[in-house]
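The figures that follow rest on heavy atoms only: side chains count, while hydrogens, waters and symmetry mates do not. By convention in this document, chain letters (A, B, ...) are assigned in the order of the sequence lines, proteins followed by strands, and residues within each chain are numbered from 1. Note that the coordinates shown come from a computational prediction; the quantities given were computed from them, not determined experimentally.
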Number of protein chains: 2
Amino acid sequence: MTVTTPQGFRAAGVAGGLKASGGRDVALVVNDGPSRTAAAVLTGNRVQAAPVLWTRQAISDGAARAVVLNSGGANACTGPEGFADTHRTAEHVASVLSATAATPEDEVGAGDVLVCSTGLIGVRLDMPALLGGIDAAAAGLAADGGDDAAHAIMTTDTVAKTAVADREGWSVGGMAKGAGMLAPALATMLSVVTTDAVVDPATADAALRAATRSTFDRVDSDGCQSTNDTVILLASGASGVEVTAQALTEAVTAVCADLSRQLVGDAEGAAHDIAVSVLNATTEEAAVAVARAVTRSNLVKTAIFGNDPNWGRIVAAVGTVPEDVAPYDPLTLDVTVNGVQVCRAQGVGEPRELVDLAADREVHVEIDLHAGTAAATVWTNDLTHDYVHENSAYSS
Amino acid sequence: MTVTTPQGFRAAGVAGGLKASGGRDVALVVNDGPSRTAAAVLTGNRVQAAPVLWTRQAISDGAARAVVLNSGGANACTGPEGFADTHRTAEHVASVLSATAATPEDEVGAGDVLVCSTGLIGVRLDMPALLGGIDAAAAGLAADGGDDAAHAIMTTDTVAKTAVADREGWSVGGMAKGAGMLAPALATMLSVVTTDAVVDPATADAALRAATRSTFDRVDSDGCQSTNDTVILLASGASGVEVTAQALTEAVTAVCADLSRQLVGDAEGAAHDIAVSVLNATTEEAAVAVARAVTRSNLVKTAIFGNDPNWGRIVAAVGTVPEDVAPYDPLTLDVTVNGVQVCRAQGVGEPRELVDLAADREVHVEIDLHAGTAAATVWTNDLTHDYVHENSAYSS
């Protein structure tokens with residue numbers, strides 16, 4: 001039920017010694033083809049880690065043979081030396097995979113290897129440990145190695161996150177790590193998604209961008225954006241099934257949505273998972289902008305931690321979105337929390353005492369703008385003592 | 001040393017019974033002239049409390065006779081009835097002040113009365129208490145009543161905030177309340193600034209806007225914007241001294257800067273006051289945008305609470321500002337914390353162990369963009385357990 005569920009993939013996850021804990025910290029995912037189609041969506045942060053810079057170049061031909069991922073170090077803000085470490089990592093993976101190549105066409109170049117790293121910023125990687133881990137991972141590559149790989153990319157995650165979408169004769173599988181940016185050390189969100197459908201690079205790229213836009217991009221646990229965020233799609237074509245762009249997008253989106261929900265559910269220090277839905281906006285972009293203003297309000301997030309359906313803080317957050325971004329009449333705002341319309345026409349609605357936030361981890365906030373027909377949902381978490389503790393008590 | 005320091009003003013602060021604690025909750029500031037020049041800067045939030053809507057109308061002629069302020073209720077999201085309450089409040093002040101008018105010209109209309117409220121959102125004001133408080137405040141108006149007024153507008157503030165700028169034959173005085181948006185219930189920032197200089201309305205308006213832009217607007221304790229924020233400038237002309245626009249702006253800015261620093265220093269739950277300065281930006285707007293991205297990063301704020309000079313989180317926050325907003329080369333970023341350049345050219349600089357954050361409440365973060373010659377500073381606070389406690393434990 002992971003990246004090795006689709007045909008044509010092998011994976012492994014091993015302990016190379018990067019993590020002080022001795023846990024698994026090196027993962028390898030290999031696409032055995034026949035197709036090597038690949039796409040990637042990378043962090044929008046202008047401060048980009050070495051592996052992000054590398055992967056941006058390596059993906060430009062729309063193809064990749066393997067993804068190597070490490071926890072135990074982000075390799076961000078490490079200068080030219082850090083970039084050389086990433087280059088050497090890719091070279092090493094290429095060399096190890098080429099050593100077992102059956103034919104000259106199976107030989108792998110460094111440019112066919114995508115790299116992802118997660119961990120502390122501003123610290124060089126322990127390269128002997130990483131290269132040794134790659135050797136061990138390559139030796140352990142298996143058609144059922146997806147779960148091991150999913151475990152090896154965990155940092156502060158408490159559970160490995162995997163998902164799959166089975167379709168007629170083909171499938172999409174995926175793994176992800178990260179606590180929705182809510183963990184210590186700028187918890188990077190990394191995800192590898194695989195499919196055995198027959199897909200060309202342009203279709204893969206469009207499908208992955210559409211999927212991330214409505215899933216990972218709408219998980220906003222603490223509004224902070226990592227230097228390392230990476231989502232990769234690999235397509236082996238091993239099923240022989242040609243799929244439409246629409247079918248691919250749907251299945252990739254389903255897997256990314258499943259993984260995104262798991263990220264929110266495992267966000268560190270969180271006591272509630274909060275879905276903020278904005279209804280009847282003029283455009284989807286307007287709905288997202290309003291939802292994001294609410295999910296980024298510390299006052300809303302602390303209120304929900306306190307099990308307080310504080311609609312005043314919600315409408316105040318909605319009111320911070322400029323009119324040119326989201327046209328609506330502030331006097332018509334309705335807010336519903338867990339089915340109770342506590343605010344009606346910007347005034348007092350049903351009694352807030354009817355809302356029971358303590359009963360369930362999941363909270364649903366609905367904001368009706370009465371301005372159009374578009375809608376969007378952004379997920380976040382509450383702001384808790386444990387969040388402050390996790391993010392202040394550990395150096396990173 | 002407050003709003004009654006300049007000549008031509010009387011003030012009072014009394015307990016009307018709006019606060020459950022029985023503390024002072026109604027303040028009145030009266031401009032006895034000869035000039036009644038006034039200006040106001042109001043919240044940019046699109047959800048605006050009734051007193052904000054009222055004051056926007058009342059200030060449109062550039063004149064005001066009095067400001068009435070209450071704590072114990074924000075009168076926000078209270079619908080047409082809430083606006084009627086504000087109207088009635090202004091009418092009552094006008095009526096009470098007119099009763100003691102020496103001449104017909106001294107009679108006051110409701111449109112000459114500005115109104116400010118702070119407290120819970122979505123709850124109607126206790127009007128009998130407020131009107132009774134106004135009667136008591138009017139009866140107690142005194143030329144040394146500024147400190148009483150400053151106390152009556154406090155909500156979660158632990159100390160009253162007042163400031164003064166003495167100039168040659170004239171002065172500027174001020175009071176403020178609010179914990180920089182960091183307190184429970186969307187702590188509104190209210191401030192009244194007075195001067196006895198001879199000033200026309202356009203000059204007063206320009207001076208107040210310039211002053212707030214570089215002071216109150218650069219206090220960003222938790223990034224949340226109130227429905228009630230109001231800053232008012234009243235000019236009596238009682239000194240008879242005509243001042244230049246530049247001199248007025250300088251003195252009003254000095255008072256607003258003093259009050260702003262006091263707001264940061266009294267932010268609830270904060271353990272550190274953090275000045276984020278951005279140097280060598282292309283424009284002041286770019287510098288402010290970068291500084292604000294850092295002051296709004298929960299990961300930076302929790303790190304500083306943990307006395308961790310976490311420059312990785314700082315550069316990651318800097319990197320989230322779009323290039324069209326703040327042009328700079330991310331590879332040249334330097335970050336200095338309390339004088340130690342912990343990040344140089346986006347890489348490791350001096351040892352972070354040299355930074356001692358535990359020694360002092362005040363923290364100075366300097367970010368050098370190496371892109372131009374403009375600079376700006378935004379103040380914030382750290383994100384602490386007490387912040388979460390204050391904002392989750394109390395309904396509001």
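Scanning for ring-ring contact (aromatic ring centres under 6.0 Å, His included) contacts around His87(B) gives Trp54(B), with sequence neighbours left out.
Test Thr320(B), Leu331(B), Leu333(B) against Val47(A) for side-chain contact (heavy atoms from CB on, under 4.5 Å) and you get one pass: Leu333(B).
In this structure, the side chains of Val388(B) and Tyr387(A) stay at 4.5 Å or more apart for every pair of heavy atoms. For the pair Val315(B) and Cys77(A), the minimum side-chain heavy-atom distance is below 4.5 Å.
Ranked by heavy-atom pairs under 4.5 Å with chain B, the first of Val318(A), Leu383(A), Thr78(A), Val123(A) is Leu383(A).
For the pair Arg46(B) (side chain) and Tyr328(A) (backbone), a donor-acceptor distance under 3.5 Å is present.
Only the backbone of Thr384(B) comes within less than 4.5 Å of a heavy atom of chain A; no side-chain atom from C-beta onward does. In this structure, no portion of Glu81(A) lies under 4.5 Å from any heavy atom of chain B. For Pro322(B), the part lying under 4.5 angstrom from a heavy atom of chain A is the backbone only.
For the pair Ala316(B) and Thr227(A), the tightest heavy-atom approach, listed with the atom from each and the gap, is CB-CG2, 4.0 Å.
Within residues 340-347 of chain B, the residues approaching chain A closer than 4.5 Å by heavy atoms are, in numerical order, Gln346(B), Gly347(B).
In this structure, the separation between CZ on Arg313(B) and CD1 on Ile121(A) is 8.5 Å, given to the nearest 0.5 Å.
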